[in-house]
Amino acid sequence: MAKKVIEIKGLNYSYPAGAEALKNINLDIYEGESLRIIGPNGAGKSTLLLHLNGILSGNSHIRVLDLEVEERNLPRIRSKVALVFQDPDDQLFMPTVFDDVAFGPVNMDLDKEKVRHLVKKALEAVGMQDALNRSSHHLSFGEKKRISIATVLSMEPEVLILDEPSSNLDPKARQHLIDLLKRFRLTKIIAGHDLELILEICDRVAVLDGGAIVADGDTKAILSNKSLMELHNLEVPLSLKLK
Amino acid sequence: MKHSFIDEYSDLDSLIHRLDPRVKLVTLVASLLFIISTRPTSFVTFVLYGILIFILIGLSKIPIGFIFKRSLVIIPFVLIIAIFIPFFKKGQVAGSYSFGSVHLTVTYEGLMVFWNVLVKAYLSILCMILLATSTKFSNLLKAFENMKCPKLMTMILSFMHRYIYVLVDEMMRMKRAKDSRTVGGKRWFHVKALSHMVGVLFIRAYERGERVYLAMCSRGFSGQIRTLQDFKLNKTDFCFLLTMAMLLIAIRTIRR
Ligand SMILES: Nc1ncnc2c1ncn2[C@@H]1O[C@H](COP(=O)(O)OP(=O)(O)OP(=O)(O)O)[C@@H](O)[C@H]1O
Ligand SMILES: [Mg+2]
C-alpha cells in the first residue's frame with residue numbers, strides 16, 4: 001500500500017458569518033494519486049482545499065505528510081503542499097513573473113543560485129521560459145494560469161492542489177494544461193467541474209455536496225452513475241455517454 | 001484589455017534603458033539638486049542643462065513627442081501655483097492693470113521668481129519623466145528598496161502597480177454590464193448606479209486583498225516580502241555616472 005499523504009478525520013468547518021460549509025469529512029489520500037473533487041457550486045470544494053495547507057482550520061484532525069496541521073508545522077507543510085488559487089490574479093501578486101515564481105523559494109531561504117535554477121526549471125515545465133522578465137499584468141489568461149502553476153512548482157512540492165485549473169481556458173490552453181498535469185508525477189488534488197479533464201488525469205473522484213462527501217471511488221464508476229451525478233447537479237461526461 | 005499606456009516605452013533597448021536603475025536614480029537626484037540650486041539669472045546654464053537632458057532623451061530612443069505630452073500633464077499644476085507670484089512679490093513695478101476696483105501690479109522681481117520656478121520645474125519634470133519612462137516600474141522599486149527606502153512604501157507601491165490594472169478592468173466590466181442594461185433613464189438614476197458600483201468595487205478590492213494574502217501565506221509569506229536582487233554595476237554604468245557628474249559640474253562652473 002502506498003504511503004498516506006493526507007489524512008482527514010471528522011472535519012467540520014463553518015465560516016464565521018455563514019452556515020456550515022463542511023460536515024464530517026473523512027478522506028485519505030495516498031502518494032502518487034490524482035484525486036478529483038467535484039460538486040456543484042457552493043459545495044465546499046474550495047473550503048476543503050484551504051484546509052489542506054492550514055489556511056483554514058476547523059475542529060478536526062488533519063495530518064499531512066505525517067505532520068499534524070497546526071501552527072508550528074505550517075512552514076514545513078506549506079513548502080510541501082502547494083495550493084494554486086482559482087483566480088490567477090490572486091496567485092500572481094508580484095510585479096514580474098520572475099519575482100512571482102521566485103517568491104516561494106526565496107521564502108524558503110534557499111541561496112540565490114538555487115532560486116534562479118528552480119525558477120528556470122519551473123517555467124520550463126509549464127513552457128513559459130520566455131516570460132521571465134515580463135510583467136504579470138500584461139499576460140493572457142492562459143499564460144497567467146500556467147505561470148500560477150509555475151509559482152508553486154518552483155517550491156518543489158510533494159502535493160499539488162489546484163482549484164478549478166481549467167476554468168475560462170480556451171480549448172488549446174486547456175489541452176496544454178491537461179498534458180502538463182499528466183506529466184507531473186506528484187500527488188495531485190484538483191477541484192472543479194471540468195469532467196472531461198478528470199477522465200484524462202484522475203483515477204479517483206470524490207463528490208462533495210452540501211459540505212459532505214457523498215461518493216468516493218474509481219473515476220469511471222462514479223462518473224457513469226447517472227442517478228448519482230444528476231442527484232448532485234452534475235452530468236455524465238459526453239465521452240462516457242457515447243460508449 | 002490593454003493598459004500599455006502605463007509603461008509603454010520601458011521595454012526599449014537603449015543605453016539609457018540598460019543602465020542600472022540605481023545609477024539612474026542617483027543621477028536624477030544629483031541633476032535635480034544641481035538644477036534647483038542654479039542662480040535664476042544664469043540663463044546659459046539653464047540652456048545647457050536643457051541640451052544635456054535632450055541629449056539623454058535622444059540616447060534613450062523614446063519619442064520626444066511622448067515626453068512633451070507627458071510633461072504637459074504636469075506643467076499646469078506648476079503654472080497654477082506660480083502664476084500668482086508676479087503679482088504678490090514687492091519690488092520695481094513692471095506694469096499695472098486695473099479691472100474695475102481690482103488693481104494688479106506686476107514687478108520685475110516677481111517675474112524673475114516666476115521664471116525661476118517655471119524653468120526649474122520644467123527641467124526637473126523632464127528628468128523625472130525620462131527616468132520613469134526608461135525604467136521598468138518593478139526595477140525602479142527594487143532600486144528604491146536597494147537604496148534603503150522603507151520597505152513598507154515600496155511594498156504598497158508594488159501592489160498598487162500590480163492591481164491597478166485588475167481594478168480598472170473590473171470597473172470597466174461593471175460599467176459595461178450597467179450600460180448594456182440601462183436604456184434611457186434619468187441622469188440621477190445613473191449617478192445612483194455609479195455610486196453603488198464604487199461600493200461594490202471597494203468590497204471586491206477588499207476581498208481580493210484577503211485572497212491575495214492567503215495566496216502569499218500558502219507560499220511561505222512571513223510578514224516580509226523578499227525579492228532576489230542582483231543589480232550589478234558594469235563599466236557602462238560607471239562611465240555614465242562619471243560623465244554625468246563631470247558634465248553637471250562643468251555646466252555649473254561655466255559662467256561664474
Ligand atoms: N469567506 C466566506 N465567508 C462566508 N461564507 C463563505 C465564504 N466563502 C465561502 N462561503 C460559503 O461556503 C460554502 C462553500 O463555498 P466554497 O467556496 O467552498 O464552494 P465551492 O465548492 O468552491 O464552489 P464553486 O464551485 O462555486 O467554486 C458556500 O455556501 C459559500 O457561500
Ligand atoms: Mg471554489
Side-chain angles (χ1 to χ4, degrees), chain A residues 46 49-50 52-56 74-116 118-119 133-140 144 148 151-152 154-155 157 161 163, chain B residues 1-8 10-11 13 17 21 135-145 154-170 173 204-205 207-232:
Chain A
S46 303
L49 297 189
L50 288 176
L52 300 182
N53 72 348
I55 294 234
L56 294 179
L74 286 187
R76 297 242 335 255
I77 290 178
R78 286 181 181 164
S79 66
K80 294 284 164 220
V81 179
L83 178 59
V84 179
F85 283 67
Q86 191 167 346
D87 182 349
D89 277 325
D90 296 340
Q91 185 74 26
L92 305 176
F93 45 78
M94 297 294 280
T96 67
V97 169
F98 177 87
D99 285 328
D100 242 318
V101 182
F103 187 87
V106 169
N107 278 326
M108 286 156 73
D109 282 322
L110 302 174
D111 68 81
K112 275 189 182 183
E113 278 319 307
K114 178 89 179 144
V115 171
R116 239 186 292 273
L118 287 172
V119 170
N133 288 315
R134 290 175 64 187
S135 316
S136 312
H137 51 261
H138 290 322
L139 301 167
S140 80
K144 279 188 196 168
S148 298
T151 59
V152 298
S154 63
M155 298 167 76
I161 305 178
D163 197 352
Chain B
M1 265 162 249
K2 286 276 162 279
H3 322 268
S4 52
F5 60 92
I6 297 195
D7 33 29
E8 203 173 340
S10 60
D11 301 329
D13 184 35
H17 285 79
T135 316
K136 277 200 168 166
F137 196 71
S138 49
N139 281 340
L140 202 57
L141 284 181
K142 278 191 183 175
F144 273 119
E145 228 170 85
T154 54
M155 227 157 93
I156 290 175
L157 283 174
S158 153
F159 280 116
M160 204 175 82
H161 180 247
R162 170 68 183 86
Y163 283 103
I164 189 125
Y165 303 93
V166 178
L167 281 183
V168 167
D169 270 2
E170 229 152 73
R173 276 201 301 269
R204 283 201 192 164
E207 285 178 343
R208 181 175 298 278
E210 268 187 346
R211 290 197 307 270
V212 169
Y213 176 71
L214 294 183
M216 290 167 69
C217 287
S218 301
R219 273 147 68 195
F221 176 66
S222 54
Q224 272 284 337
I225 287 201
R226 291 180 292 168
T227 47
L228 268 203
Q229 300 193 353
D230 37 14
F231 292 137
K232 264 198 216 90

Colleague: Does a side-chain N-to-carboxylate-O contact under 4.0 Å join B:R162 and A:D89?
Modeller: yes
Colleague: Let me confirm one number: the CG-CG distance from B:L214 to A:L56, rounded to the nearest 0.5 Å.
Modeller: 7.0 Å
Colleague: At a heavy-atom distance under 4.5 Å, which candidate from A:Q86, A:R116, A:M108 has the highest pair count against chain B?
Modeller: A:R116
Colleague: Let's test your reading of the structure: which of A:F85, A:F98, A:F93 forms the most heavy-atom pairs below 4.5 Å with chain B?
Modeller: A:F93
Colleague: Side chain from CB out, backbone as N, CA, C, O: work out which of these in A:D100 comes under 4.5 Å of a heavy atom of chain B, or both, or neither.
Modeller: both
Colleague: Is it the backbone or the side chain of A:V152 that comes under 4.5 Å from a heavy atom of chain B, or both, or neither?
Modeller: side chain
Colleague: Of the backbone (N, CA, C, O) and the side chain (C-beta and beyond), which part of A:L74 lies under 4.5 Å from a heavy atom of chain B, both, or neither?
Modeller: neither
Colleague: Is B:S218 in contact with chain A via its backbone, its side chain, both, or neither, using a 4.5 Å heavy-atom distance?
Modeller: both
Colleague: Suppose the criterion is salt bridge (Lys or Arg N to Asp or Glu O under 4.0 Å): which pairs have a residue in residues 74-86 of chain A, not counting sequence neighbours?
Modeller: A:K80-A:E158
Colleague: Quick one: are A:T96 and B:K136 in side-chain contact, heavy atoms under 4.5 Å?
Modeller: no
Colleague: Looking at B:F137, I'd like to know if its CZ atom is crowded, meaning that more than 12 non-hydrogen atoms belonging to other residues, nucleotides or ligands lie closer than 6.0 Å.
Modeller: yes
Colleague: Go through the steps to decide whether B:D169 and A:H137 satisfy the test side-chain contact (heavy atoms from CB on, under 4.5 Å), and finish with yes or no.
Modeller: CA-CA 11 Å; B:D169 270 2; A:H137 51 261; over 6 Å; no
Colleague: Rounded to the nearest 0.5 Å, what separation is found between the CD atom of B:E207 and the CG atom of A:D90?
Modeller: 10.5 Å
Colleague: Which answer fits B:F221, side chain, backbone, both or neither, if we ask what part of it has an atom under 4.5 Å from a heavy atom of chain A?
Modeller: both
Colleague: Nearest 0.5 Å, what's the CG-SG distance between A:N107 and B:C217?
Modeller: 10.0 Å
Colleague: Using every non-hydrogen atom in the two residues, find where A:D87 and B:R208 come nearest and quote the distance to one decimal.
Modeller: OD2-NH1, 3.2 Å
